[in-house]
Protein chains: 4
Amino acid sequence: MAFRAAVAGASGYAGGEVLRLLLAHPEAETGALTANSNAGERLGALQPHLRPLADRVLEPTTVEALAGHDVVFLALPHGQSAAVAEQLGSDVLIVDCGADFRLQDAAAWEKFYGSPHAGTWPYGLPELPGAREALRGSRRVAVPGCYPTAVSLALFPAYAAGLVEPEAVIVAASGTSGAGKAPKPHLLGSEVMGSMSPYGVGGGHRHTPEMIQNLSAVAGRPVTVSFTPTLAPMPRGILATCSAKAAPGVSEGLLRETYAKALDAEPFVHLLPEGQWPSTAAVYGSNCALLQVAHDESAGRVVVISAIDNLTKGTAGGAVQSMNIALGLPEELGLSTTGVAP
Amino acid sequence: MAFRAAVAGASGYAGGEVLRLLLAHPEAETGALTANSNAGERLGALQPHLRPLADRVLEPTTVEALAGHDVVFLALPHGQSAAVAEQLGSDVLIVDCGADFRLQDAAAWEKFYGSPHAGTWPYGLPELPGAREALRGSRRVAVPGCYPTAVSLALFPAYAAGLVEPEAVIVAASGTSGAGKAPKPHLLGSEVMGSMSPYGVGGGHRHTPEMIQNLSAVAGRPVTVSFTPTLAPMPRGILATCSAKAAPGVSEGLLRETYAKALDAEPFVHLLPEGQWPSTAAVYGSNCALLQVAHDESAGRVVVISAIDNLTKGTAGGAVQSMNIALGLPEELGLSTTGVAP
Amino acid sequence: MAFRAAVAGASGYAGGEVLRLLLAHPEAETGALTANSNAGERLGALQPHLRPLADRVLEPTTVEALAGHDVVFLALPHGQSAAVAEQLGSDVLIVDCGADFRLQDAAAWEKFYGSPHAGTWPYGLPELPGAREALRGSRRVAVPGCYPTAVSLALFPAYAAGLVEPEAVIVAASGTSGAGKAPKPHLLGSEVMGSMSPYGVGGGHRHTPEMIQNLSAVAGRPVTVSFTPTLAPMPRGILATCSAKAAPGVSEGLLRETYAKALDAEPFVHLLPEGQWPSTAAVYGSNCALLQVAHDESAGRVVVISAIDNLTKGTAGGAVQSMNIALGLPEELGLSTTGVAP
Amino acid sequence: MAFRAAVAGASGYAGGEVLRLLLAHPEAETGALTANSNAGERLGALQPHLRPLADRVLEPTTVEALAGHDVVFLALPHGQSAAVAEQLGSDVLIVDCGADFRLQDAAAWEKFYGSPHAGTWPYGLPELPGAREALRGSRRVAVPGCYPTAVSLALFPAYAAGLVEPEAVIVAASGTSGAGKAPKPHLLGSEVMGSMSPYGVGGGHRHTPEMIQNLSAVAGRPVTVSFTPTLAPMPRGILATCSAKAAPGVSEGLLRETYAKALDAEPFVHLLPEGQWPSTAAVYGSNCALLQVAHDESAGRVVVISAIDNLTKGTAGGAVQSMNIALGLPEELGLSTTGVAP
C-alpha cells in the first residue's frame, strides 16, 4: 500500500527528520514540501543531509500545496495546525507534530499555551494503554512532545502496576535540536558547547501538563509532576531520570518483572539487561527507547531512566509509527532500531 | 605569608587544577611535583596547559619528596592518603583531595569504599555552618567530593531554615574530567561526545553518604538522598538539580529571601537574579557556585539548581579556599570568580 | 541473491559500522561475529546501538568461526588478515577493512608499517578509473583508508584532467572514531572535547603512500603529497582540504565542468552547487562524499574540499559498496545517501 | 601605574574577553562598558561568567560614555572605529580590536571590506620584527585578526630566515566564537556540534590580505597565501597548519634552531620540544601561542603548526599585551600563559 505524503515545515528539524524517515520507508512517496520564510529555496541548501531530495524546491505552506496527498505531516509553529487541518478535509491522514491537539484539558492548554484550545486528536504514543486502538484507522494523529514521550514510556509500566506513588520527579537532559532551528543567542554553538543549563524550572515547561495527562490516565488517579528540563551540549537525544516513591512491597525483582512483561511485545521500547544503562548515543537516529530501572532502598524510591532520540522516537519516528498504525501498515515498517554510533 | 606547596598526583586532573590555581596564587611557591606511573616525565608532556611548569620533572610519590613543604596537596587514589599523612608529621598542612577523610561514619565508609575507615578531618566546604571555624588553623583538610559540593551548597540554606522535607532528590550532570584521566573505553571521546548517560543509579554512588552527612547535619535530622549522577558531553562542570517537598508555608518569596540572606556574605556562592539560571559555562575555571531557586506550587516542591566547575570549586578551588583559611590567609586570595566563556 | 556474512572484529568501530550497514542491506544475513579480547560478551554490551543483534554473543576470531560464509569482513589489527584469508579459501569473498592489501609498493609498505608486505588486492574505491572492473567478480577486496578515500575522491578528477600540478597539499580533520576504540589517554573525552590537534605531521602518517599511489596512477606521473591529519572534537567525519598549483589555463568554469562530468554518474560522490560547502554533518552516517572546488587566482591554486563519514564511505560503506560490485549486486544496494542531521 | 579602561562592545565575545583579562590585570580599573542593542541591560545577564561585573549596566556607545578614560578598547563592527577614535582625541590610548586600521594597502582594504580605508595604526603583534618599537608610547593600536595572529607567529621565523619559498598554504580550524555572537542559523549549536565545515575558500576571507602583508614584510618580497578557514565544533581556539616549499639546504635541524632562536626571548610564543604537538586545549584562555615545526623531505615542504586561543592571544590578550607596551608597563603584566584544561 503505497502512499504519498506532504510535509509542511520541511525546512525545520522536525520536518527534516520526517523526510529522513520517509526516504527510508518502502511505501512512501514524498510529495509537496512546504515552508514559510524559506519557500523558494532548494531543500539541499537547508537540509544538505537529505541528498535524494536536494534539488526539490520548497513551496509556500498553502492548502493548495498540501491537498491531494494521502498523508500530510504538519511541523508548524503552535496554533497553526487547526486551520490547515480543517481545509484539508477528513479523508486525508493528518499527522500533527506540533502541540495543538495533544491535550484533553482545554484549561491546561490555555494556561500553558495562551491561546484557545483547538481540540484533541488520537494521541500518537502507541505504547500507552488503549493508544493503538484509537490510532487504528484514524485520520488525525497528535504526535506527543519529545519529553512526554521519554517520560511516559519510562513510567507507564510502574504507574499501571501501582508500583509508585503519584508524585513524580523528572529531570531530563535534551539535545539542542529540541529547541528548534530559529537562531537565538543562547542556542549558538559557542554558548551551548561545554555547557549544561536548565530552563522552564518550577513547573513552567509546556510539556508538564502532557506528562500529567498521560501518567494520571495510566495510574487511574491524579499524578503530580515536578519537571526540570536541561539543555545538554549535543545535537540530539533525551535522557530522562524519572523517580517516585516506591509503593509498599516493591522490590527490584518485582520492578524488573513488571517492566519486562509490560514491554515484552513492544518493538521500540526495551528494558536493558541488569547492569547496563541507557545512553542517548545508543539511540542516535533510531526509533528505540531504552530503559533501565532501579529500586533505591535507602531513599525509598523507584528510579527509571529512559533514553530516546528526541527527533526520532520523540517526534518524527513516533509520527511515522503512528501513521503506520493509522494506515493499517505494519507498525515497524520503515523504522529502524539501529542507532548511528559512535 | 609566602608558602611552599607540593602536589602529589600532579599528572592527574585534580593535581593539574591545583597547580593551575597555585600558579595564580600570589603567596604560593610550587615545590615538589610527584606522580606514580608518570614519574620521570616532563610535566609539559602531561599537562601542556601549565606552561610555566613545562620543564619540571615529576618525581615518584615518596615521603622524602613531599617532606619539607608548608603545604602538601594529595591527589591520590582512594586509600593512599593516610599512610602519607602519618609520615609527613603534624606540622605540615595536608590538603587531601581524595575521599579518605571526608566521612564521619566508619560504617558508611566501609560500605561504599570497601576498606577500613582512615578517620575524619576538618571538612573543606567553608560555606557550611561551623566549617570555617574547624578549618581555621587546622593542619588537615578533607576536600569534599565534587557532587557533594554542588549539592550541599544548593540545599544547605533550605535545610538550615527548615523550608524543605528531609527527602531530597538529586539529579546531576558532570563533565568527564570528574571520571579522571585513567583511560577507559566508556570515557573515550568517541563514546562521550553526543551522549548523556547515567551511572551509579539507585544509591550506589560513593558521594551519596557524603551528601547525607552534610544535609543531615544542617537539617538537624536524618535526610535521605536519592542521587542520580549522569555523564555529560563536556570536559568540566556540574549542573545539579536538587529538589525536595516544600515545608508548609513556603513561598517563592520566602525562599529567595532565605537564600539571599544565607549567601549574602559568601564570596563564592551566589544566588542569581530572578529569571536567570545557572549554567556550567558561566563558572568554567572559576571558583563560583551559581544558584537559582524555584517553588513549584503544582508539584509542591522546592527546586534548587547549582552550577560549579567540578575541578575548581568542586575540587582544587575548594582545596585552595580551605588552605587559605587554614593558613590564616584571606579566604579569596588567588581565587577568581571570573569564568572562561564562551 | 541473499548472502551470509561474517564479521571479524565486531566489537570495534569499523566492525560495528559494517554490522550497522548489513542490518540495512536487503540481501544480507548476519552470520558469525568474532572478536579477540571481547569474545564471550553480548554484542549489546559493546555496541548498544545495534539493537537487532543485542543478544548475539561474540565468538573468538578463528578460521572455524569464519568458515562457511559467502562474505567475510575483516576488521582486524594490521598484519593479521593474510593468515586468515589464506585459510578461508579462494571461494569466499573477503573484504579487508585493514591496510594489509592496499599498497602495491612493497617497499612503501615496509617503510610505513614495519612488517613484510602481504600482497595487493583489488582496491575498493570504485570511483577511481578502472576500479570497478577490477572489483567485479573478485573474491578479495582491500578497503581503502579513510583519509585516502576523502582525498582521492577530492583530487582524482583534477589529476585525471591534468588541471593541477603534481604536488598536493592536504590538511584533513577527522573525528575520533578514526583512532579506534582502544582506550588511550589522548583520546579521552576530557582531552578531545574543545580541542583540535595534529598528529603524524611531516609525512609520517601511514595513509600518505596510499594517497600517493592513487593520485599518481590517475595523474600518470609521480605525485607528491604533503599530508597533515588533525583530530577534531567530533565522533565521526573527515573534512579534507586539498590543494595544488593550478595548471596553466585553468579557470573556475573549467574546474566545475570537469568535476561535474567526472562525477555525473557517480551515485555516492557529489559536487555541490556553487556557493555551498561540504560539512561532515551532512554526511553523518551516509555513504556520500560531498565536494566543492575553488580556483584561487591570487594564490594560483586549485582548492578542493571533501567531506565524508570516516566510518561509512571511509570504511564500512565503501566496503559494502565494493562487496556489492564483487557479488554482482546493484552497487547502491542497502546503502543510503541520507545523513543523520542535525 | 594604574589606568582606567572603557570597553565599547562589552556584550560581545571580544569585549567580554577584554573584560575577563582586565579583571585579572593588577593595574586596570574597569570604567564604562558600552553596547548598542544591549544597552540598558545588566552585564550579568549577557556575560554571566564575569561575576565581579555582574551588576554593571551597559551604556549606549557614545563618545561621552567613552571619554575620560586612559584606555579605550573598541570591539565594534567593522567601519565604526574611525569616527569614535577621532572624537576621543589623541591623548587617550585607543586599542581597536576590529579590522579598520590593520591594513596598509588601501586597495586591499577596499577590495575585501568594500568601504573606504580609514588608515593604518601600529600593528599589535609585538613578536613581529619592529612591532614593539612602533607600539611603544603609541596612542593607537590595531589589534591583529585572530587567523593572522596564528599564521604570522607560525611563519615569521621561517620567512625572516629565508627557509621557505614565498607561496604559503594555510588551512586553519577555528572555534565558533570567532564568528561572533550575532545569532545565525549555521552557528546554532545543533548545526555546529559534530561538524567541520569550510568557508571563505579560494582567497575570499578578509584575513588573507593581512597575512600577506605580515609575511611579505618579514620575507622582504611578495608572499602569496592560499588560505582555507574551517569552523570546528569547539567554542574557542585556532589550530593553523601552515606550509611552504622548503628553500634549498633546509633541514629539520636548521629549522628547529632557527625557531628556537627567534622565539627564545618571547614570553608568549613557544616552540614545543620534539615529538610534542600543539593543541588548542593547551592554550584555552591563555595568551600563549604554541608552535611545532617539521621538515617533510618527501614532499619538500616545511610544515609549521600553531595553536592559539582566538579570543585571548588572537584578540583580547594580544590587545592587552600591546596596551602594556604602549603604556610602558611590563609586557606580560596581567597576562597568563596557563591554560584551562582539560
Side-chain angles (χ1 to χ4, degrees), chain C residues 167-175 186 188-199 201-204 208 212 224-228 230-239 241 243 245 252 277-282 284 292-303 305 307 341-342, chain D residues 167-175 186 188-199 201-204 208 212 224-228 230-239 241 243 245 252 277-282 284 292-303 305 307 341-342:
Chain C
E167 291 157 330
V169 177
I170 317 289
V171 179
S174 173
H186 76 287
L188 283 173
S190 300
E191 302 291 315
V192 158
M193 289 183 282
S195 194
M196 293 284 308
S197 58
Y199 61 103
V201 185
T208 308
I212 290 173
T224 66
V225 169
S226 163
F227 174 50
T228 305
T230 65
L231 198 64
M234 56 189 193
R236 286 177 175 235
I238 286 179
L239 187 82
T241 301
S243 74
K245 266 195 192 169
E252 185 110 1
W277 291 92
S279 72
T280 62
Y284 203 95
Q292 186 53 288
V293 297
H295 179 220
D296 182 340
E297 285 188 62
S298 304
R301 293 183 79 85
V302 166
V303 184
I305 312 273
Chain D
E167 291 157 330
V169 176
I170 317 289
V171 179
S174 173
H186 76 286
L188 283 173
S190 301
E191 301 292 315
V192 159
M193 289 184 283
S195 193
M196 293 284 308
S197 58
Y199 61 104
V201 186
T208 308
I212 291 173
T224 64
V225 169
S226 163
F227 174 50
T228 305
T230 65
L231 199 64
M234 56 189 191
R236 288 178 174 232
I238 286 179
L239 186 83
T241 301
S243 74
K245 266 195 191 169
E252 185 110 0
W277 291 92
S279 73
T280 62
Y284 203 94
Q292 186 53 288
V293 297
H295 179 220
D296 182 342
E297 286 187 63
S298 305
R301 294 183 79 85
V302 166
V303 184
I305 311 272

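Every value quoted in this text rests on a predicted model; they were computed, and no experiment measured them. Every chain is numbered from 1, with letters handed out A, B, ... down the list of sequences.
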Please determine, among [options], the option with the most heavy-atom pairs under 4.5 Å with chain D.
options	result
C:Pro342, C:Pro198, C:Ala307	C:Pro198
C:Val169, C:Val303, C:Leu231	C:Val169
C:Asp296, C:Val192, C:Val171, C:Val293	C:Asp296
C:Ala282, C:Gly194, C:Ala168, C:Ala232	C:Gly194

Based on non-hydrogen pairs under 4.5 Å, which of D:Ser197, D:Ala299, D:Gly202 is most in contact with chain C?
D:Gly202
Quick one: of D:Gly300, D:Pro278, D:Gly204, who has the most non-hydrogen atom pairs under 4.5 Å with chain C?
D:Pro278
If I measure from the heavy atoms of chain D, does [X] come under 4.5 Å with its side chain, its backbone, both, or neither?
X	value
C:Ala281	both
C:Thr224	side chain
C:Thr230	side chain

For the OG atom of D:Ser279 and the CD atom of C:Glu191, what is their distance to the nearest 0.5 Å?
8.0 Å
One pair to check against side-chain contact (heavy atoms from CB on, under 4.5 Å): C:Ile305 and D:Thr228. What are the steps and the verdict?
CA-CA 10 Å; C:Ile305 312 273; D:Thr228 305; 3.9 Å; yes
Tell me every residue that passes side-chain hydrogen bond (donor to acceptor under 3.5 Å, both in side chains) with D:Ser190, counting only those two or more places apart in sequence or in another chain.
A:Thr176
Partners of C:Ser243 by side-chain hydrogen bond (donor to acceptor under 3.5 Å, both in side chains), sequence neighbours excluded?
C:Arg301
